[in-house]
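Presented below is the structure to which this report refers.
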Amino acid sequence: MPNTTTPSTTPTSSRAFTAAPKSKQWRVVDYVTTAVLGIAVGLVFWVLALSWKVLELAFQAFPPSIGLIAGLWVLAGPLAGAIIRKPGAALLCELIAAIVEAVLGSHFGATVLLSGLLQGLGAELVFAAFGYKRFTLWVTAASGMLAAAFMAVSENIMYNAEWQFGFQAIYAVCAIVSGLVISGIGAWFAYRAIAATGALSSFASGRLR
């Protein structure tokens, strides 16, 4: 008997998770969704900034190990890149998140804007390197790693200059591992969870082409 089953078109298909958009031109829904993601993650940044003194105490025994939570600070770029899949999405979303943190009041002051720019650029460069055509788990993970690497270098210059080089290097390694796990792999699975609800049906990331 012939197989008459209709191929699945649900967003949980593996092809939906790696599909590139037909056009790289931005739409209104792309801007709105990027802004919403940026604001949401910016609120997370703000809470982290408010809690920074407590977080520092938790890692006081070995200060460079605080890099293990650095991935939380670079989450916006990889997440937006995986969902929006348009040039500039990762950079814009990370920058919006930094602006939200700065406006609400951050322990780090206006320097968060520079941090957001650099971290977003790190995330963006990975998607750009693949021509905005590959959006796999490992591309997103690499985006999180490079964003965290950019963060580690900038923070070692701005905030950790008094540390000896060994501490700075350990901080960078911890940050990159955190970027891989939290803002890379974590962002990928967060995106998949959102896509599974059908909320991304207007995006290539949430449907089959």
Side-chain angles (χ1 to χ4, degrees), residues 26 30-31 33-56 59 63-84 86-129 140-165 167-184 186-187:
W26 280 67
D30 298 324
Y31 286 111
T33 304
T34 301
V36 170
L37 288 172
I39 292 169
V41 180
L43 290 173
V44 174
F45 290 175
W46 177 61
V47 171
L48 287 171
L50 288 178
S51 310
W52 190 249
K53 291 298 184 182
V54 175
L55 292 172
E56 281 187 318
F59 291 92
S65 64
I66 201 168
L68 293 173
I69 62 170
L72 292 169
W73 295 97
V74 295
L75 178 63
L79 182 60
I83 291 176
I84 308 300
K86 298 288 178 68
L91 174 58
L92 178 60
C93 191
E94 192 75 39
L95 190 54
I96 290 173
I99 291 171
V100 169
E101 179 188 350
V103 168
L104 291 177
S106 172
H107 165 76
F108 302 101
T111 60
V112 297
L113 300 179
L114 176 59
S115 296
L117 179 64
L118 293 173
Q119 293 157 21
L121 179 61
E124 186 73 34
L125 286 175
V126 173
F127 294 112
T140 307
S143 177
M145 289 178 65
L146 191 58
F150 275 43
M151 174 188 182
V153 172
S154 64
E155 294 213 339
N156 277 335
I157 294 171
M158 291 190 293
Y159 306 125
N160 306 329
E162 73 281 3
W163 285 356
Q164 58 182 304
F165 176 75
F167 269 29
Q168 291 183 345
I170 293 170
Y171 173 79
V173 171
C174 289
I176 291 169
V177 171
S178 181
L180 167 66
V181 175
I182 298 176
S183 60

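Position 1 is the first residue of the sequence; numbering continues from there. Only a predicted model underlies this, so the values are computations on that prediction, with no experimental measurement involved.
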Check whether S178 reaches the backbone of L68 with its side chain - one donor and one acceptor, N or O, closer than 3.5 Å.
yes
Distance-minimising heavy-atom pair for W73 and A49:
CH2-N, 3.7 Å
Looking only at heavy atoms, what is the nearest atom pair of S183 and G71, with distance?
CB-O, 3.3 Å
Nearest 0.5 Å, please: how far is CG in L180 from OG in S143?
11.5 Å
Return the minimal non-hydrogen interatomic distance between V112 and A98, and the atom names on each side.
O-CB, 3.3 Å
Scan the side chains in residues 170-177 for donor-acceptor partners under 3.5 Å anywhere in the protein, sequence neighbours excluded, and list what turns up.
from : atom 1 : to   : atom 2 : distance (Å)
Y171 : OH     : E155 : OE1    : 2.6

Quick check for you: to the nearest 0.5 Å, what is the distance between C93 atom SG and L37 atom CG?
5.0 Å
Between L118 and F150 the two heavy atoms that sit nearest each other are O-CD2, 3.2 Å
Considering non-hydrogen atoms only, spot the tightest contact between F167 and P63 and give its length.
CE2-CD, 4.5 Å
Close side-chain approach of L43 to L104, heavy-atom, < 4.5 Å:
yes
Residue pairs passing the side-chain hydrogen bond (donor to acceptor under 3.5 Å, both in side chains) test with at least one member in residues 111-125, sequence neighbours excluded, are T111-Y159, E124-Y132
Are any side-chain N or O atoms of S154 and backbone N or O atoms of M151, one a donor and one an acceptor, separated by less than 3.5 Å?
yes
Only distances under 3.5 Å count here; give the side-chain donor-acceptor pairs of residues 76-83 to other protein atoms, sequence neighbours excluded, each with its distance to 0.1 Å.
none

I66 side, atom CD1; W52 side, atom CH2 - distance, nearest 0.5 Å:
3.5 Å
When you measure from the side chain of W46 to the backbone of A97, do you find a donor-acceptor pair of N or O atoms at a distance under 3.5 Å?
no
Of all heavy-atom pairs linking D30 and K86, the shortest is OD2-NZ, 2.8 Å
Could you state the interatomic distance from CG (L92) to CG (L117), rounded to the nearest 0.5 Å?
11.0 Å
Beyond-backbone contact of V44 with L72, side-chain heavy atoms, under 4.5 angstrom
no
Rounded to the nearest 0.5 Å, what separation is found between the CZ atom of F45 and the CD atom of E94?
4.5 Å
If you round to the nearest 0.5 Å, how far is CG of L91 from OG1 of T34?
11.0 Å
